[in-house]
A.B. asks: 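First the structure, which I've put down as structure tokens, then a few questions once you've had a look.
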Amino acid sequence: MSKTGLVWEERFVWHDPGSLAVLFGSPYIQYGEGVSESPESKRRIRNLLDVVGVADRLHRVRAREATREEICRCHDEAYVDRVASLSAGDGGLVGPAAWIGRGGFAHAALSAGGAITAVDAVLKGEVDNIYALVRPPGHHAGRAMGGGLCIFNNVAIAVRHAQATHNVKRVAIVDWDAHHGNGTQDIFWDDPSVLTISLHQKGAYPGSADSVTDIGAGAGAGYNINVPFPPGTGTGAYLQAFEEVVAPALTAFRPDLILVASGFDAGYMDFSARLMVHAEGFREMTRRVKAMADAHCKGRLVLCHEGGYSLHHAPFLGLAVLEELCGWRSGVEDPLKDFVMHWDGHDVQPHQAAVISEARKNILLLSDPSRSGNHR
């Protein structure tokens with residue numbers, strides 16, 4: 001078994017993401033209608049870990065609020081000031097579909113700080129790997145604005161912390177959330193010290209700059225890889241993308257640390273996307289990224305929670321991931337597994353394989369020996 005950490009704080013679920021009426025500015029949405037990014041889905045993941053005994057095998061790591069200096073390593077000061085100002089008042093939008101409520105700065109800073117303490121725990125050798133079950137999510141937050149329920153980019157802030165505090169040189173981010181990690185891409189667009197790989201549904205939120213041709217710029221050209229799947233993509237295509245894109249890219253990049261932006265909205269019961277990854281798919285992706293961390297960076301692996309909005313399904317996806325991280329099986333399986341496995345489309349389809357093939361071509365840039373960034 002691995003010594004696996006878990007970052008969880010009750011205060012994560014105190015974050016107020018606003019109502020649908022506020023986020024989308026429609027007078028016809030009844031006030032009080034909650035958004036999908038609710039406290040309940042995270043609590044249910046945590047509760048299931050308790051009920052089946054996995055939580056007993058995890059090492060608790062406490063979060064702290066990220067400092068302004070730590071946040072500003074990734075976000076413009078003017079943006080951070082805006083979040084702070086709105087938080088001190090009655091709240092407001094800090095980007096498309098991103099609301100900060102009264103006092104919300106502290107909640108967003110705690111979420112970013114949870115990712116930071118997760119990185120600290122792994123790099124100090126306190127745990128072998130770790131899952132940060134943080135809230136609010138972060139991967140849509142760019143340098144100068146939030147977006148998609150994200151205020152600060154938790155993963156990006158944790159990466160910069162690893163580089164600034166632990167002298168980590170090269171970090172890889174694998175984002176398997178159903179939605180494109182546009183904020184993370186924005187922050188590291190021209191940075192060859194960070195490899196960003198996003199597997200997502202093409203054209204889903206935010207619906208821009210999510211193509212295989214969006215590869216970064218300047219010194220960072222080639223260090224951003226997008227795998228934009230068509231709707232209907234299932235576990236087969238995700239695992240083939242791991243084999244043909246993720247694994248070769250990590251081998252070429254040789255990271256010192258791997259972070260996963262772990263969204264569960266690619267699950268087949270999630271309304272926010274049209275993908276069909278099942279619990280065993282998430283388990284296998286975890287197994288593979290864990291093996292890659294063992295091969296390339298002494299097992300140093302941090303998973304940071306992003307999306308996942310099905311109240312009854314996301315907990316079983318989270319359970320599969322945490323079981324694989326710690327190396328212990330509870331015997332509890334997704335109760336809808338047998339029903340769903342009768343659906344067509346779980347295997348990779350030709351049009352999905354074509355996307356993977358196009359994305360794989362970008363690995364050639366990482367493998368080019370003339371690029372000095374590829375050598376230690």
Side-chain angles (χ1 to χ4, degrees), residues 36 137 139-140 147-148 155 172-186 195-216 222-250 260-289 292 303 305-310 313-314 317 320-321 340-341 343-363 366:
S36 55
H139 74 150
H140 294 310
V155 166
I173 301 170
V174 179
D175 186 334
W176 63 43
D177 189 281
H179 306 98
H180 180 227
N182 62 306
T184 311
Q185 175 176 286
D186 170 55
L195 171 66
T196 54
I197 306 173
S198 180
L199 292 79
H200 54 270
Q201 181 180 313
K202 174 68 175 175
Y205 185 91
S208 60
D210 67 345
S211 170
V212 293
T213 59
D214 295 304
I215 61 170
Y223 292 87
N224 186 80
I225 298 175
N226 286 322
V227 186
F229 290 121
T233 296
T235 295
Y238 268 76
L239 297 185
Q240 184 162 318
F242 260 72
E243 180 178 348
E244 297 189 12
V245 179
V246 178
L250 292 176
V260 174
S262 176
F264 295 138
D265 35 17
Y268 57 76
M269 294 300 293
D270 203 290
F271 76 92
S272 71
R274 297 295 181 266
L275 300 172
M276 296 203 309
V277 183
H278 51 63
E280 292 308 305
F282 278 98
R283 188 189 305 278
E284 180 62 18
M285 288 193 293
T286 304
R287 187 192 69 80
R288 294 189 186 192
V289 77
M292 293 172 209
L303 282 73
H305 195 74
E306 294 289 351
Y309 309 108
S310 174
H313 190 222
L317 305 181
V321 169
V340 171
M341 292 310 293
W343 297 355
D344 289 333
H346 290 293
D347 295 332
V348 62
Q349 306 296 308
H351 62 300
Q352 299 160 3
V355 172
I356 296 169
S357 179
E358 285 299 307
R360 180 169 182 164
K361 294 176 183 178
N362 292 327
I363 300 171
L366 290 175

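Residue numbers start at 1 and run along the sequence shown. Hydrogens, waters and symmetry mates play no part in the numbers below; they use all other heavy atoms, side chains included.
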A.B. asks: Check the pair Met276 / Val340 against side chain to side chain contact (heavy atoms under 4.5 Å, CB included), numbers first and verdict last.
C.D. replies: CA-CA 9 Å; Met276 296 203 309; Val340 171; over 6 Å; no
A.B. asks: Shortest non-hydrogen contact from Asn226 to Asp214?
C.D. replies: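 Smallest interatomic distance, heavy atoms only, reads ND2-O, 3.5 Å.
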A.B. asks: To the closest 0.5 Å, what do you measure between CG (Asp177) and NE2 (His305)?
C.D. replies: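 If we round to the nearest 0.5 Å, Asp177:CG and His305:NE2 are 8.5 Å apart.
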A.B. asks: Below 30° counts as parallel, above 60° as perpendicular, anything between as tilted: where do the rings of His200 and His180 land?
C.D. replies: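 The arrangement is tilted - the two ring planes meet at 30° to 60°.
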A.B. asks: Check step by step if side chain to side chain contact (heavy atoms under 4.5 Å, CB included) holds for Val355 and Val227.
C.D. replies: CA-CA 7 Å; Val355 172; Val227 186; 4.3 Å; yes
A.B. asks: Provide the closest heavy-atom pair for Ala273 versus Ala178 in the form atom of the first, atom of the second, distance.
C.D. replies: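 Answer, listing the atom of Ala273 first, then Ala178: CB-CB, 3.7 Å.
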A.B. asks: With a 4.5 Å limit on heavy-atom distance, are the side chains of Trp176 and Val277 in contact?
C.D. replies: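 The answer is no, as the side chains (C-beta and beyond) never meet within the 4.5 Å cut-off.
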A.B. asks: Could you point out which residue of Pro228, Pro231, Pro230 forms a side-chain contact (heavy atoms from CB on, under 4.5 Å) with Lys202?
C.D. replies: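 Exactly one pass, corresponding to Pro228.
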A.B. asks: Step by step, work out the side chain to side chain contact (heavy atoms under 4.5 Å, CB included) result for Val245 and Leu199.
C.D. replies: CA-CA 10 Å; Val245 179; Leu199 292 79; over 6 Å; no
A.B. asks: Might you point out which heavy atoms bring Pro137 and Glu306 nearest each other, and give the distance in Å?
C.D. replies: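 Shortest heavy-atom separation between Pro137 and Glu306 comes out as CB-OE1, 3.5 Å.
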A.B. asks: Could you state the interatomic distance from CD (Glu358) to OG (Ser211), rounded to the nearest 0.5 Å?
C.D. replies: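 It comes to 9.0 Å.
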A.B. asks: Aromatic rings Phe264 and Phe282: how do their planes relate, parallel, tilted or perpendicular, breaks at 30° and 60°?
C.D. replies: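 The rings of Phe264 and Phe282 stand perpendicular, inter-plane angle above 60°.
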A.B. asks: What are the two closest heavy atoms between Ala320 and Ala279, and how far apart are they?
C.D. replies: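 So the minimum-distance heavy-atom pair works out to CB-O, 3.5 Å.
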A.B. asks: Side chains of Thr196 and Tyr223: closer than 4.5 Å at any heavy-atom pair?
C.D. replies: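 Heavy-atom side-chain distance check fails, nothing below 4.5 Å.
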A.B. asks: Report yes if some heavy atom in the side chain of Val246 is under 4.5 Å from a heavy atom in the side chain of Leu250; otherwise report no.
C.D. replies: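 Of all side-chain heavy-atom pairs linking Leu250 with Val246, at least one is under 4.5 Å.
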A.B. asks: Drop me the distance from His139's NE2 to Asp175's CG, to the nearest 0.5 angstrom.
C.D. replies: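 Here the rounded value is 5.5 Å.
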A.B. asks: Do Val260 and Val321 pass the side chain to side chain contact (heavy atoms under 4.5 Å, CB included) test, and can you show the C-alpha distance, the side-chain angles, and the key distance before you say yes or no?
C.D. replies: CA-CA 11 Å; Val260 174; Val321 169; over 6 Å; no
A.B. asks: Find the distance between OG1 (Thr233) and CD (Gln240) and round it off to the nearest 0.5 Å.
C.D. replies: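 Here the rounded value is 11.0 Å.
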A.B. asks: Which atoms form the tightest heavy-atom contact between Ala241 and Phe229, and what is the distance?
C.D. replies: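 So the minimum-distance heavy-atom pair works out to CB-CZ, 3.8 Å.
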A.B. asks: If only atom types and distance count, is the side chain of Asn362 paired as donor or acceptor with the main-chain N or O of Val212 below 3.5 Å?
C.D. replies: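 Yes; at least one donor-acceptor contact below 3.5 Å.
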A.B. asks: Within this structure, what is the CD1-CD distance for the pair Ile356 and Glu244, rounded to the nearest 0.5 Å?
C.D. replies: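 Between atom CD1 of Ile356 and atom CD of Glu244 there are 6.0 Å.
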A.B. asks: Sequence neighbours left out, what pairs pass side-chain hydrogen bond (donor to acceptor under 3.5 Å, both in side chains) with at least one residue falling in residues 271-284?
C.D. replies: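 Passing the test, one end in residues 271-284: Thr235-His278, Asp270-Ser272, Glu280-Arg283, Arg283-Glu323, Glu284-Arg287, Glu284-Arg288.
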A.B. asks: Could you state the interatomic distance from OG1 (Thr184) to CG (Asn182), rounded to the nearest 0.5 Å?
C.D. replies: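 Nearest 0.5 Å value for the OG1-CG distance: 7.5 Å.
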A.B. asks: Identify the two heavy atoms, one from Gly232 and one from Gln352, that lie closest to each other, and give their separation to 0.1 Å.
C.D. replies: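 Between these two residues, the closest heavy atoms are O-NE2, 3.7 Å.
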A.B. asks: Do Asp210 and Gln185 touch side chain to side chain, with heavy atoms closer than 4.5 Å?
C.D. replies: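 Asp210 vs Gln185: side chains apart.
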